[in-house]
Asker: 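Pasting in a structure now, in structure tokens, and then I'll have a few things to ask.
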Amino acid sequence: MRPANPDLAPRPGLSRDEMEALQRRVAEAAVFEDELPFDPASVALDDPGATTLTGTDASSDTGPPLIAGIDQAFLDDRAVSAVVVLRGGEVVERAYAVSDLDLPYIPGLLSFREGGPILDALAKLEHDPDLLVFDGSGRIHFRQAGLATHVGVVCDVPSIGVAKSLLCGTPDEDVDGHPKGWNTPIRADDAVDAVGGHPATPETVIGYAFQSRQYDSQPIVNPLYVSPGHRLSPETTVDLVSRLGGDYKLPEPTRLADAYADEVKAQYE
DNA sequence: GCGACAG
DNA sequence: ATCTTGTCGC
């Protein structure tokens with residue numbers, strides 16, 4: 001797929017101030033409201049029977065939306081970016097890219113380390129996804145432009161950020177010990193800046209904590225922190241993540257991409 | 001100076 | 001993210 005906004009793509013060689021300035025531009029271009037080409041209710045990876053009618057006709061425009069899970073694995077100074085595209089629970093296509101990394105991991109600047117490599121992998125896709133699911137935050141970010149938002153805006157495709165830990169923001173309730181399906185809003189705090197038309201008051205909901213799994217006894221199972229990347233409201237984002245279900249903590253698209261990244265990595269070492 | 005941070 | 005044995009539980 002082709003970047004709709006190449007000018008906003010994370011470029012190497014920028015100073016910290018320039019990277020932050022670019023993130024603000026990305027945030028301004030981001031849409032945190034529902035602007036989807038499909039009905040969220042048509043997504044049901046948990047129920048294959050209701051969505052498997054297009055297994056042999058993946059290129060058609062009909063049927064369930066194309067959902068892409070994205071994740072990475074690392075080799076020394078290179079990243080293995082993997083993308084797995086699903087349609088109603090069926091894997092339609094897989095693609096990967098091995099790219100050189102030019103930055104270390106810096107909280108708040110993740111998209112400048114992983115964004116480029118991910119775009120390399122997305123460029124190899126034959127199918128254009130209707131939704132991108134990232135391993136990392138979207139709007140739950142200091143400048144409301146996390147990895148999911150940055151890449152989603154560059155591609156101008158609806159995107160979701162799924163993080164295993166909270167970067168910033170404050171949960172309405174204590175997130176521990178809740179049953180599967182539970183969720184609570186994450187609101188902007190002092191660390192979040194108002195950007196473009198997006199406020200960052202103590203009332204502003206920038207994402208949700210979502211318990212995707214829970215064991216029978218007491219074990220510690222942290223919730224997922226989901227946030228809209230682009231063209232999605234916080235509410236629809238949690239709804240979609242719950243529909244991407246599966247029997248594990250992470251959404252199925254992400255799990256498959258994670259496994260694929262490890263598989264490819266093994267061939268390069 | 002103190003705190004705090006996706007992958 | 002990555003480096004790793006054993007271990008608890010369905």
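Here is how names work: the chains are called A, B, and so on, in the same order as the sequence lines, proteins then strands, and each is numbered from 1.
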Asker: Give me the stems containing DNA chain C, sorted by first residue, counting only three or more consecutive Watson-Crick or G-U pairs with both distances under 3.5 Å; say none if there aren't any.
Answerer: none
Asker: Students often mix this up, so state it plainly: with edges at 30° and 60°, are the rings of A/F32 and A/H198 parallel, tilted or perpendicular?
Answerer: tilted
Asker: Looking for any heavy atom pair under 4.0 Å, which part of the strands does A/I140 touch: base, sugar-phosphate only, or nothing?
Answerer: nothing
Asker: Is there side-chain contact between A/L122 and A/I70, with heavy atoms separated by less than 4.5 Å?
Answerer: yes
Asker: Ignoring hydrogens and geometry, is there a side-chain-to-backbone donor-acceptor pair from A/Q211 to A/D176 under 3.5 Å?
Answerer: no
Asker: For A/H141, what residues pass the ring pair (Phe, Tyr, Trp, His ring centres under 6.0 Å) criterion, not counting sequence neighbours?
Answerer: none
Asker: Is the backbone of A/G169 close enough, under 3.5 Å, to the side chain of A/D189 for a donor and an acceptor to pair up by distance?
Answerer: yes
Asker: Within residues 70-82 of chain A, which residues have any heavy atom lying less than 4.0 Å from an atom of DNA chain C?
Answerer: A/A73, A/F74
Asker: Taking A/V133 as the fixed residue, which of A/V162, A/V226, A/L250 is the one that meets the side-chain contact (heavy atoms from CB on, under 4.5 Å) rule?
Answerer: A/V162
Asker: Evaluate side-chain contact (heavy atoms from CB on, under 4.5 Å) for A/L66 paired with A/D128, printing each intermediate quantity in order.
Answerer: CA-CA 8 Å; A/L66 287 171; A/D128 285 12; 5.9 Å; no
Asker: Is it true that A/E269 and A/R78 make a salt bridge, defined as a side-chain N closer than 4.0 Å to a carboxylate O?
Answerer: no
Asker: What is the distance from CE of A/M19 to C1' of B/dA6, rounded to the nearest Å?
Answerer: 16 Å
Asker: Take A/D34 and A/S233 through the side-chain hydrogen bond (donor to acceptor under 3.5 Å, both in side chains) test and state the conclusion after the steps.
Answerer: CA-CA 5 Å; A/D34 296 333; A/S233 65; 3.1 Å; yes
Asker: How many whole angstroms separate atom CG of A/L101 from atom P of C/dT2?
Answerer: 12 Å
Asker: Does B/dA6 have its OP1 or OP2 closer than 4.0 Å to a side-chain nitrogen or oxygen of A/Y225?
Answerer: no
Asker: Atom CE of A/M19 and atom CZ of A/R113: how far apart are they, to the nearest 0.5 Å?
Answerer: 12.5 Å
Asker: Hey, can you pull the residues of residues 154-164 of chain A with a non-hydrogen atom under 4.0 angstrom from DNA chain B?
Answerer: A/A163, A/K164
Asker: Using OP1 and OP2 only, check whether a side-chain N or O of A/S165 sits under 4.0 Å from B/dC5.
Answerer: no
Asker: Where the side chain of A/H230 meets the backbone of A/P158, is there a donor-acceptor pair that is under 3.5 Å apart?
Answerer: no
Asker: With a cut-off of 6.0 Å (strictly less than), are more than 12 heavy atoms of other residues, nucleotides or ligands near CD of A/E33?
Answerer: no
Asker: Any sub-3.5 Å donor-acceptor pair from A/S212's side-chain atoms to A/K249's backbone N or O?
Answerer: yes
Asker: Quick check: does any side chain N or O of A/D102 sit under 3.5 Å from a backbone N or O of A/P12, one acting as donor and the other as acceptor?
Answerer: no
Asker: Under 3.5 Å for both pairing distances: what stems, at least three Watson-Crick or G-U pairs long, include DNA chain B?
Answerer: none
Asker: At 4.0 Å (heavy atoms only), tell me whether A/F142 reaches a base, stays on the sugar-phosphate, or touches nothing.
Answerer: base
Asker: Between protein and nucleotides 3-9 of chain C, what N or O pairs are separated by less than 3.5 Å?
Answerer:
none

